[in-house]
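These notes are about the structure you will find just below.
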Amino acid sequence: MRYWLFKSEPSCFSIKDLANCTGHRNHWDGVRNYQARNMLRDDIKIGDHVFFYHSSCLVPGIVGTMEVVKAGYPDFTAWDPESEHFDPKSTPENPRWYMVDVRLIGQFERPFSLQAIKQNPKLQDMVIVRPGNRLSITPVTKEEWREVTRWCREY
DNA sequence: GCCAACGTTGGC
DNA sequence: GCCAACGTTGGC
């Protein structure tokens, strides 16, 4: 089993939005970056665990955990002209973008903030804190997963 | 294949 | 809103 971190702007899709989904599950759509696409398509498998990260908000940080319930398949929102993630270059015959389905495991009682990540010596190598990192999907090590979850109570 | 211009991300 | 650090685009 592998570990990941998925970023989302809470104004777009927050952990509460996921909690409100039927079965606490939804597809993770809208990723439009090739490196992240490759991970969604090739590397992220059923049963993998995922941190939910809120970006571009008051307190950026990890807000909970999820589990992958469906491995990579074409992101159909790219085919919908009404979608804000519409991409005319992606077609059902030749899909350009991929997504996975996730299910909420738990929300943290309080966010494990970006500031806390930066201050923790064991988390210095997290991809999320590397300068200039902009990937919305990044791998997390087992040690990093343990270190974060060890501080967080979930509900 | 190079590279300048441009767009996007995301913390601050 | 600023800006650094990327990724993408497209002319050549």
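For the ring-ring contact (aromatic ring centres under 6.0 Å, His included) with A/W28, the lone residue among A/Y73, A/F52, A/Y98 that qualifies is A/F52. Only one option out of A/R96, A/H27, A/H85, A/R32 pairs with A/D75 in a side chain to side chain donor-acceptor pair (under 3.5 Å); it is A/R32.
In this structure, A/W145 and A/Y3 have tilted ring planes: the angle between them lies in the 30° to 60° band.
Ring centroid separation for the pair A/W79 and A/F86 does not come in under the 6.0 Å cut-off.
Here A/K45 pairs with nothing under the salt bridge (Lys or Arg N to Asp or Glu O under 4.0 Å) rule; sequence neighbours left out.
Distance A/L58 CG to B/dG10 C1': 14 Å, rounded to the nearest Å. Here B/dC12 presents its C1' atom at 16 Å from CD1 of A/I117, a figure rounded to the nearest Å. A/N38 places its CG atom 14 Å from the C1' atom of C/dG7, with the value rounded to the nearest Å. Look at CD1 on A/I62: it is 12 Å from P on B/dG11, rounded to the nearest Å. Look at CD on A/Q35: it is 15 Å from P on B/dT9, rounded to the nearest Å. Straight-line distance from the CD atom of A/Q115 to the P atom of B/dG11: 12 Å, rounded to whole Å. Rounded to a whole Å, the CG atom of A/L135 is 13 Å from the C1' atom of B/dG10. The distance from atom CD1 of A/I137 to atom P of B/dT9 is 13 Å, rounded to the nearest whole Å.
Taking 4.0 angstrom as the limit, A/K7 places a side-chain polar atom (N or O) nearer than this to OP1 or OP2 of B/dG10. Put simply, A/Y53 has no side-chain N or O that comes within less than 4.0 Å of OP1 or OP2 on B/dT9.
Of the candidates C/dT8, C/dG7, B/dG10, the closest approach to any side-chain atom of A/Y34 belongs to C/dT8. Of the candidate nucleotides C/dT9, B/dG10, B/dC12, B/dC12 has the atom lying nearest to any side-chain atom of A/K118. The side chain of A/L114 sits closest to B/dC12 out of B/dC12, C/dG7, B/dG10. Listed nucleotides: B/dG10, C/dT9, C/dG7. Nearest to the side chain of A/E9: B/dG10.
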